[in-house]
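These notes concern the structure reproduced below.
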Amino acid sequence: MPIKAILTDIEGTTSAVSFVFDVLFPYAAKHLPDFVRENAERADVAEQLEAVRRDGGEPQADVERVIEILLGWIAEDRKATPLKALQGMVWEQGYLAGQLKGHVYPDAVEALKRWHQEGYQLFVYSSGSIQAQKLIFGCSEAGDLSPLFSGYFDTTSGPKREAQSYQRITQGIGVEASQILFLSDIVQELDAARTAGMATCGLAREGGELAGHVTVDSFARISPSVF
Ligand SMILES: CSCCC(=O)C(=O)COP(=O)(O)O
Ligand SMILES: [Mg+2]
């Protein structure tokens with residue numbers, strides 16, 4: 001059955017790993033402590049702080065201890081849903097202040113625009129929160145790319161290395177798994193998507209191969225019609 005939908009990862013796929021590690025994560029580490037102190041009573045923030053206490057196994061942690069836990073999770077690149085939600089809130093302030101602009105590779109911008117015009121439905125699946133995903137594409141160096149996308153999925157659909165997450169996303173997209181092409185730079189994510197029945201294409205931007213998957217170094221080399 002022909003591909004109808006394209007589901008893409010962000011970090012290392014549409015966007016540089018260095019943008020996430022050298023720009024976004026340090027920005028969050030710098031601004032998150034004061035953001036949490038100033039907004040700890042806000043309902044959406046308080047809900048995430050409670051989730052940090054629960055997931056961190058420290059139900060009695062005060063706000064300063066929760067901040068310490070969060071900074072530790074940033075340092076170890078933990079894909080924890082409450083951290084990702086709070087990072088998205090902090091990054092929003094940076095994007096709105098013009099201090100952040102989302103990096104999206106020019107070849108990805110060009111291909112996403114073309115595929116959208118050709119009628120493919122485009123979706124994102126990232127460990128970054130849905131808010132963070134909307135910001136990186138909505139406030140990108142190439143302008144507002146958000147009209148290209150039909151939907152966004154984050155770790156509330158499950159971890160990216162588990163096949164069940166891709167089954168849930170398939171339900172959400174509403175086409176057969178075999179009609180979805182998943183793009184990622186991580187072989188374990190591609191393996192999980194394939195186990196769920198999706199077509200896969202690996203991105204290795206520095207060259208090389210993602211074992212067992214068609215691998216390219218640029219979106220310019222992806223033809224959805226051949227999968
Ligand atoms: C939405 S941009 C920030 C990405 C992020 O926080 C992250 O952890 C990268 O996750 P990905 O699943 O895109 O590799
Ligand atoms: Mg990635």
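Atoms within a ligand are numbered from 1 in the order they appear, just like the ligands themselves. If you read the sequence from its start, that first residue is 1, and numbering goes on from there.
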Does a salt bridge link E110 with R114, judged by any charged N lying under 4.0 Å from a carboxylate O?
yes
Ion pair check, K160 and E189, cut-off under 4.0 Å:
yes
Find, among atoms of D185 that are N, O or S, the one nearest to the Mg ion (ligand 2), and state its name.
OD1
What is the nearest protein non-hydrogen atom to atom 6 (O) of ligand 1, stated with its residue, atom name and distance?
K84 NZ, 2.9 Å
Using a strict cut-off of 4.0 Å, indicate which atoms of ligand 1 neighbour a heavy atom of S127.
8 (O), 10 (O), 11 (P), 12 (O)
If we set the cut-off at 4.0 Å for heavy atoms, which region of F25 has an atom near ligand 1: side chain, backbone, both, or neither?
side chain
Hey, do the aromatic rings of F149 and F137 have their centres closer than 6.0 Å?
yes
Measure W91 to ligand 1 on non-hydrogen atoms and call it side chain, backbone, both or neither using the 4.0 Å cut-off.
side chain
Could you pull out the atom name of the N/O/S atom in D9 that is nearest the Mg ion (ligand 2)?
OD2
Just going by heavy-atom distances, which of R78, K79, E189 is nearest to atom 7 (C) of ligand 1?
K79
Considering heavy atoms of the protein only, find what lies nearest to atom 9 (C) of ligand 1 and give residue, atom and distance to 0.1 Å.
E11 OE1, 3.0 Å
Examine Y125 together with Y152 and report whether their ring centres are nearer than 6.0 Å.
no
Tell me whether ligand 1 is touched by Y125 - counting only heavy atoms on the residue side and a distance under 4.0 Å.
no
Hey, would you say the F182 and Y166 ring centroids sit under 6.0 Å apart?
yes
Assert yes or no for the condition that the ring centre distance of Y120 to H116 is strictly below 6.0 Å.
no
In plain terms, say whether K134 and D144 are close enough for a salt bridge, that is, a side-chain N and a carboxylate O under 4.0 Å apart.
no
shortest atom 1 (C) of ligand 1-to-protein heavy-atom contact is with I10 CD1, 3.6 Å
Is a salt bridge present between K4 and E176, judged by a nitrogen-to-oxygen distance below 4.0 Å?
no
Heavy atoms only, cut-off 4.0 Å: how does D9 contact ligand 1, side chain, backbone, both, or neither?
side chain
Within E11, is some N, O or S atom less than 2.8 Å away from the Mg ion (ligand 2)?
yes
Contact check: S126 vs ligand 1, nitrogen or oxygen atoms, below 3.5 angstrom:
yes
Taking NZ, NE, NH1 and NH2 as the nitrogens, is one of them in R37 or D34 under 4.0 Å from a carboxylate oxygen of the other?
yes
Identify, for atom 12 (O) of ligand 1, the protein heavy atom at the shortest distance, and state residue, atom and that distance.
K160 NZ, 2.6 Å
